[in-house]
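Report on one structure; see the data block that follows.
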Amino acid sequence: MKPRDPSVEEMALLAERLDALEAALCAQSDTASHREKELRRLRAELRDIQNSLSWTVTAPLRRLAKLGRNILRARPDT
């Protein structure tokens, strides 16, 4: 049996569907690109904060605060 040729209407519908899928793919690509750019920016900002003098100077205070929270959490409730 010979496969039938798609009709003009079917071809037009398929072309419309293909156009819609290509547009959706392009939008998704733009969104992914924007999110990757934002992620790079945020990572750079975090790196700058962690390398700052104030972050370095306050490191011992953060460690003491964490130790204090752990001690309080470990205490049995009375």
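What you see is a predicted model; the values in this text were computed from it and never measured.
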Distance in Å, [X] [atom1] paired with [Y] [atom2], rounded so as to fall on 0.5 Å steps:
{"X": "Arg75", "Y": "Asn70", "atom1": "CZ", "atom2": "CG", "value": "13.5 Å"}
{"X": "Met11", "Y": "Glu9", "atom1": "CE", "atom2": "CD", "value": "11.5 Å"}
{"X": "Lys66", "Y": "Leu61", "atom1": "NZ", "atom2": "CG", "value": "15.0 Å"}
{"X": "Glu45", "Y": "Ile49", "atom1": "CD", "atom2": "CD1", "value": "5.0 Å"}
{"X": "Lys37", "Y": "Arg41", "atom1": "NZ", "atom2": "CZ", "value": "10.0 Å"}
{"X": "Arg43", "Y": "Leu46", "atom1": "CZ", "atom2": "CG", "value": "9.5 Å"}

Item to check | Atom of Gln50, atom of Trp55 and distance for their closest heavy-atom approach | outcome: O-CD1, 3.2 Å
Item to check | Ser29 (side chain) donor-acceptor with Cys26 (main chain) under 3.5 angstrom | outcome: no
Checklist entry - Ignoring hydrogens and geometry, is there a side-chain-to-backbone donor-acceptor pair from Ser7 to Glu10 under 3.5 Å? => result yes
